[in-house]
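These notes are about the structure you will find just below.
Note on naming: letters A, B, ... go to the chains in the order of the sequence lines (proteins, then strands), and numbering restarts at 1 for each one. As a basis for the values below, the full set of heavy atoms in this structure was taken, side chains included, without hydrogen atoms, waters or symmetry mates. Fair warning: this is a prediction, and the values are worked out from it, not measured in the lab.
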Protein chains: 2
Amino acid sequence: MPKSVSRLMPVVPGASRRQQYSASTKRALVEVAEGLFTEHGYANTSLDAIVAGARVTKGALYHHFSGKQALFEAVFERVETDASKTINKALRGRRDPWEKARAGLRAFLGVVQEPQYRRIVIQEGPAVLGYERFREQEERSTFATVLDIVRSVLGAGSWELDEAMLQTFARIFFGAMSSAGESVATSDDPEEAADRVEAAIGFIIAGFRSLAESGVELPDTLVTDDE
Amino acid sequence: MPKSVSRLMPVVPGASRRQQYSASTKRALVEVAEGLFTEHGYANTSLDAIVAGARVTKGALYHHFSGKQALFEAVFERVETDASKTINKALRGRRDPWEKARAGLRAFLGVVQEPQYRRIVIQEGPAVLGYERFREQEERSTFATVLDIVRSVLGAGSWELDEAMLQTFARIFFGAMSSAGESVATSDDPEEAADRVEAAIGFIIAGFRSLAESGVELPDTLVTDDE
DNA sequence: GGACTCACATACCGTGAGTACGTACCCAGA
DNA sequence: TCTGGGTACGTACTCACGGTATGTGAGTCC
């Protein structure tokens, strides 16, 4: 039945018929897997269910992927890439660092409410991929965006920050946003919860501005006399 | 061989001989499981390996626990409880909220470097338990401590914060600390990384104090005119 | 001291990830 | 146009592992 299948295929002009078929089934596997992983989780999703959903067999799956984990990684990358695109789209045109931060935070709080992102990236990503690969993937997409924003926001102050300190701040904000995002997503009223998170982080940023205006230095703020 | 076994048994005066044996094997199962889960992860640890390590059989395991996940949950609780104890111990005697915050942060950054906590609580907890149960457990131990500290720190300012906003702030700091802690644990130089995290969060807190001194209100800091 | 129960041990089953191998189809070259 | 080869799967199987059903012997209680 070539007619119905052709609907599923992306138009890739330079690719041969077989290559298009192949790419199509690979896409189908990833898409079906994304849905099932999101709904039932990694451990509770069998490869049989995935290949049945994609209307192929395990032979096809193991032709395209080295195993279940590799398939999950493909799904993970897809979800992360989508999230990163969404966030970066929300940043387009904004020049003021503080405003970029606000827009980015808003966008992130939106993304973190998508079930795919919550389940696949936040909940199961670290366990399935292991923390190393998880961090690698993150640093190439959403974390990179956060780092960018933090860089421009803190660069707007008069402080001189080395790269390690910037990374630390970015990690802190990234963790804060992830955790806060989770509380937004599980809230009865996500809108209100998102407003609260925005207010709280905005308050933190306001603290930065206040410190910047009063010319406070960074490295000595915490190094007091005890210990 | 009652002599060697008796060494393993906790002294529980009111318990009968059988009850003590029983408690001892249960403890052994949890301890062995903690080690194996930490080293190989949940999915890569077989029940056969656990019962072999505890020198019992699966019958014993399924007598004490309803299954693999329930065993993990027992391990999780143990690790979380230990962590909570460690942190609370570091807070004893401190009265000044800001100092409590510092001590708590230091203690947390120490805890998060323990492999059991990182692997079982942070990395695999959400995936194995599901986010709901994961959060429930957290809120009864370490998160409760963080919430306490945040409450006293923000209460030290002149702001009137409702409970929801306090929870939001606590979530944000908890997420920030977890994420930052992870970067500390994976760092080449954990000491230095911990110092950086402490400085960064100290900087944020300094921002709070700065705002408090200049009498800035909370809810309107972020609500500007656009959108 | 005998019935009873608890704390396991043993033997087994079902499921699901991974593998070895077979095969149909497309495409390049003669 | 035929053909060899390689790609893209399908089929049938193995094996590890979580879970269960049932047996059993050592404590416990009356």
Which residue pairs pass the ring pair (Phe, Tyr, Trp, His ring centres under 6.0 Å) test with at least one member in residues 111-132 of chain A, sequence neighbours excluded? A/Y131-A/F134

Is the side chain of B/S187 donor-acceptor paired with the backbone N or O of B/S183 at a distance under 3.5 Å, no angle test? no

Quick one: salt bridge (Lys or Arg N to Asp or Glu O under 4.0 Å) pairs with a partner in residues 174-192 of chain A, sequence neighbours left out? A/R118-A/E182, A/E192-A/R196

Atom-pair distance (NE2 on A/H63; C1' on C/dG18), nearest Å: 17 Å

Would you indicate which nucleotide in D/dT7, C/dC8, C/dA17 comes nearest to any side-chain atom of A/L47? C/dA17

C/dA17 base to A/K58 side chain: any donor-acceptor pair below 3.5 Å? yes

Nucleotide of D/dT20, C/dA9, D/dA8 approaching A/S22 most closely (side-chain heavy atoms): D/dA8

Ring pair (Phe, Tyr, Trp, His ring centres under 6.0 Å) partners of A/F37, counting only residues at least two apart: A/Y42, A/F72

Below 4.0 Å: OP1/OP2 of C/dC8 and any side-chain N or O of B/H64: yes

I'd like to check the ring pair (Phe, Tyr, Trp, His ring centres under 6.0 Å) partners of A/F143; sequence neighbours left out, ordered by chain and number. A/F174

Please write out the pairs of protein N or O atoms and N or O atoms of nucleotides 14-16 of chain D separated by less than 3.5 Å, giving the distance to one decimal.
none

Below the 4.0 Å mark, does D/dA8 have OP1 or OP2 next to a side-chain nitrogen or oxygen of A/T25? no

Rounded to the nearest 0.5 angstrom, the CD1-CD1 distance for A/I172 and B/I172 is 12.5 Å

Between atom CD1 of B/I201 and atom CD1 of B/I205, what is the distance when rounded to the nearest 0.5 Å? 7.0 Å

Give the residues of residues 66-79 of chain B touching DNA chain C, defined as any heavy atom closer than 4.0 Å, sorted by residue number. none

Starting from C1' on D/dA8, measure out to CZ on A/R55 and report it in whole angstrom. 17 Å

Check this for me: A/E163, atom CD, are more than 12 non-hydrogen atoms of other residues, nucleotides or ligands nearer than 6.0 Å? yes

d(CG, A/L61; P, C/dT19) in whole Å: 12 Å

Counting side-chain heavy atoms from C-beta on, which of C/dA9, D/dG19, C/dA17 comes nearest to B/Y62? D/dG19

Quickly work out the B/Q20 CD to C/dC6 P distance and round it to whole Å. 18 Å

Listing request: all salt bridge (Lys or Arg N to Asp or Glu O under 4.0 Å) pairs with a residue in residues 59-75 of chain B, at least two apart in sequence or in separate chains. B/E73-B/R133

Kindly write out the residues that satisfy side chain to side chain contact (heavy atoms under 4.5 Å, CB included) with B/A52, not counting sequence neighbours, or none if the list is empty. none

Please enumerate all protein N or O atoms sitting under 3.5 Å from an N or O of nucleotides 22-26 of chain C, with distances to 0.1 Å.
from	atom 1	to	atom 2	distance (Å)
C/dC25	O2	A/R18	NH1	3.1
C/dC26	O2	A/R18	NH1	3.4

Starting at atom CD of B/Q19, determine the distance to atom P of C/dC8, rounded to an integer number of angstrom. 12 Å

Rounded distance in Å - CG (A/D48) to C1' (D/dT11): 13 Å

No-hydrogen, no-angle side-chain donor-acceptor test under 3.5 Å, A/S141 and A/E80: yes

With sequence neighbours left out, write down each residue that passes ring pair (Phe, Tyr, Trp, His ring centres under 6.0 Å) with B/F65, or none if nothing qualifies. none

Does any pair with a residue in residues 134-146 of chain B pass salt bridge (Lys or Arg N to Asp or Glu O under 4.0 Å), and if so which ones, sequence neighbours excluded? B/R135-B/E139, B/E139-B/R171

Please give me every residue in residues 37-44 of chain A whose heavy atoms get under 4.0 Å of an atom in DNA chain D, ordered by residue number. none

Is it the case that the side chain of B/T38 and the backbone of B/E34 share a donor-acceptor pair, with hydrogens and angles ignored and the cut-off at 3.5 Å? yes

